A.B. asks: 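This is the structure I want to talk about, given as structure tokens.
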Amino acid sequence: MLDIEFIRNNPDIVKANTKRRGSDVDVDALLACDKEIRTLRARIDEERAVRNQAARKGKPSSAELAQRRALSDEVKTLEETLRQKNDELTRQLSALPNILSPDVPPGKDDRDNLELRKWGTPKMFSFKPKDHLALGILHDCIDVDRAAKVSGSRFYYLKNEAVLLRLALMQYGLQLFMREGFIPFFTPHLAHTRTLYGTGYLPFSPNDIWKLEGDDDLSLIGTSEQTLVGYHQDEIIERETLPRKYVGLSSCFRTEAGSYGKDTHGILRVHEFYKLEQIIFCIPEESFRWHDAALAWEERICQELGIPYRVVVVCDGDCGAPGYKKYDIEGWFPAQERYRELTSNTNLTDFQTRRLNIRTKVDTKTVFPHTISATGITDRFIIAIFENYQEADGSIRIPEVLHPFMQGVEKIDRGNVS
RNA sequence: GGAGAGGUCGCAUAGUUGGUCUAGUGCGCCGCACUCGAAAUGCGGUAGGCCUUUACAGGUCUCGUGGGUUCGAAUCCCACCCUCUCCGCCA
């Protein structure tokens with residue numbers, strides 16, 4: 001949500017931004033609606049003042065009664081109009097995308113992202129590297145065929161060493177982030193529509209959200225960002241306790257509507273996966289710094305895991321309506337011979353906190369903290385490790401930093417015994 | 001899931017025959033006084049949104065949420081949410 005005051009004062013910026021992001025919100029209509037509301041409010045306040053003054057005097061004489069009734073009716077009519085206008089304004093405001101950072105490149109999709117830097121050198125294999133699914137089948141670690149029977153396409157079973165690997169990745173990540181002052185969370189996997197609106201997933205991408213049947217107003221979360229940012233909705237966070245750094249573990253559920261036929265092989269694009277997520281609440285002045293810090297932690301993880309990667313600034317067409325600026329880390333996937341998205345790191349500025357009414361106080365002034373939402377580690381790291389760490393004989397080494405969490409397994413080489 | 005109780009301005013409480021409730025009181029917190037200093041005591045102040053205003057100040061909304069009744073709602077009616085106690089079920 002943008003500050004209505006900002007929209008009033010900078011209509012041209014908002015219009016240009018809205019157009020650039022392909023939103024069909026009519027900013028002029030929005031401002032007209034806002035103006036009407038202000039006029040209405042002023043009138044209602046005036047009428048109410050008269051009405052309240054009269055009411056405070058106590059019982060009216062029968063002569064006064066008619067007069068008061070007329071006044072009351074008038075206020076009611078105005079209130080009804082105000083309610084409608086307010087709903088209209090809220091609808092328009094919540095459909096407005098966030099302002100973009102000046103350094104976000106223009107573009108259509110992820111091919112137009114701007115490369116910031118590369119780390120590591122893609123390994124030259126003396127053999128044709130297998131893809132992660134082939135490796136997963138070979139070692140009886142990943143099973144998508146049976147998942148298809150039970151749950152459908154884009155689901156998977158992890159088995160054997162892949163189970164250890166997922167948990168090891170999470171343990172390793174948890175340790176890293178907790179040492180940096182993050183508070184660990186398991187969150188609910190279901191959330192109310194209000195929270196999905198507040199975090200900016202609605203109304204922008206309703207088709208990617210799995211809604212439960214029935215009247216409970218619950219949907220499966222697409223990421224623990226939703227539950228972790230929602231954690232503080234309608235709260236005032238003490239200034240002294242900022243920045244708040246949270247690291248959340250959860251399954252993530254996505255319908256992947258609109259991606260039919262895309263990345264159908266293996267477990268790259270799936271309906272359900274596991275993720276460790278960083279969320280940071282901070283004062284507005286510090287969000288640039290924490291955005292970069294979150295990226296630095298992501299890079300450190302990739303480096304310690306020995307996954308070659310590149311960092312990109314995501315272009316406007318791929319940024320997502322709530323984002324002010326987004327970095328992706330793309331890891332090297334040898335079988336595809338290309339970099340694929342491993343993590344995503346967004347500075348959301350005050351977009352979410354305004355919607356969720358999360359405030360803090362800076363020098364007695366109420367302000368909306370900024371939020372940073374960044375991936376820590378996901379199941380896609382399993383893909384990256386499988387493919388980058390495979391040997392000619394098909395075995396897979398385990399990155400050293402994960403050894404303490406692998407129950408002694410340093411190499412996957414069981415072969416196919418399914 | 002069943003039965004009962006409850007949700008009031010940081011915390012705790014008062015307030016339900018509808019009418020200066022413009023929400024009282026205690027605690028906590030802030031300021032001042034007294035004191036060498038502190039405690040104790042006394043006095044004053046202590047939510048947020050929106051609007052008018054240079055300021056002072058004032059208006060309005062919010063008593064879990066949303067509707068309704070009424071000239072007037074913390075108070076009456078309806079729906080929903082949440083909490084607590086007991087019972088049932090259960091990893």
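All of these numbers come straight from a predicted model, not from anything done at the bench. Reminder, nothing fancy here: chain letters follow the sequence lines and each chain counts from 1.
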A.B. asks: Consider side-chain contact (heavy atoms from CB on, under 4.5 Å). Of A/Val150, A/Val163, A/Ile142, which one does A/Tyr157 pass it with?
C.D. replies: A/Val150
A.B. asks: Given the P atoms of B/G28 and B/G37, what is the spacing between them in whole Å?
C.D. replies: 23 Å
A.B. asks: Please report the distance separating the P of B/C61 from the corresponding atom of B/G72, rounded so that it comes out in whole Å.
C.D. replies: 12 Å
A.B. asks: Report each atom pair, protein N/O against N/O of nucleotides 56-61 of chain B, whose distance is under 3.5 angstrom.
C.D. replies:
from: B/G59; atom 1: N2; to: A/Asp45; atom 2: OD2; distance (Å): 3.1
from: B/U60; atom 1: OP1; to: A/Asn52; atom 2: ND2; distance (Å): 3.4
from: B/U60; atom 1: O2'; to: A/Asp45; atom 2: OD1; distance (Å): 3.0
from: B/U60; atom 1: O2'; to: A/Arg48; atom 2: NH1; distance (Å): 3.4
from: B/C61; atom 1: OP2; to: A/Asn52; atom 2: ND2; distance (Å): 3.4

A.B. asks: Sticking with atom C1', work out how far B/U75 lies from B/C21, rounded to a whole angstrom.
C.D. replies: 10 Å
A.B. asks: Can you check the distance between B/U65 and B/C82, where both ends of the measurement are the P atom (answer in whole Å)?
C.D. replies: 15 Å
A.B. asks: Taking 4.0 angstrom as the limit, do A/Arg269 and A/Glu341 come out as a salt bridge?
C.D. replies: no
A.B. asks: Go ahead and name the base partner of B/G24; Watson-Crick or wobble counts if both distances stay under 3.5 Å, otherwise write none.
C.D. replies: B/U13
A.B. asks: For B/U83, which nucleotide in any strand shown is its Watson-Crick or wobble partner with both distances under 3.5 Å?
C.D. replies: B/A5
A.B. asks: Going by the rule side-chain contact (heavy atoms from CB on, under 4.5 Å), which residues pair with A/Ala257 if we only count those two or more places apart in sequence or in a different chain?
C.D. replies: A/Asn207, A/Thr255, A/Tyr260
A.B. asks: At what distance, to the nearest 0.5 angstrom, does CD1 of A/Ile396 lie from CD of A/Glu161?
C.D. replies: 9.0 Å
A.B. asks: Salt bridge or not for A/Arg83 and A/Glu88, using N-O below 4.0 Å?
C.D. replies: no
A.B. asks: Provide, to the nearest angstrom, the distance between the CG atom belonging to A/Asn86 and the P atom belonging to B/C50.
C.D. replies: 13 Å
A.B. asks: Determine the Euclidean distance between corresponding C1' atoms of B/U16 and B/A23; express it in Å to zero decimal places.
C.D. replies: 14 Å
A.B. asks: Side chain to side chain donor-acceptor pair (under 3.5 Å) with A/Tyr309: which of A/Glu330, A/Arg340, A/Glu299?
C.D. replies: A/Glu299
A.B. asks: Using heavy atoms to find the nearest nucleotide of RNA chain B for A/Arg359 and A/His192 separately, return the residue whose nucleotide is more 5′.
C.D. replies: A/Arg359
A.B. asks: Indicate whether OP1 or OP2 belonging to B/G72 is found under 4.0 Å from a side-chain N or O atom of A/Ser72.
C.D. replies: yes
A.B. asks: Hey, can you tell me if A/Phe351 and A/Phe204 have their rings parallel, tilted or perpendicular (30° and 60° cut-offs)?
C.D. replies: tilted
A.B. asks: Take atom C1' in B/G7 and the same atom in B/C50, then report the distance between them in whole Å.
C.D. replies: 26 Å
A.B. asks: Can you check each nucleotide of nucleotides 63-69 of chain B against protein heavy atoms at under 4.0 Å and return B for base, S for sugar-phosphate only, - for none, in 5' to 3' order?
C.D. replies: ----S--
A.B. asks: Which distance, rounded to the nearest 0.5 Å, do you find between the CE of A/Met170 and the CG of A/Leu276?
C.D. replies: 6.0 Å
A.B. asks: How many angstroms lie between CD in A/Gln84 and CG in A/Leu40, if you round to the nearest 0.5 Å?
C.D. replies: 10.0 Å
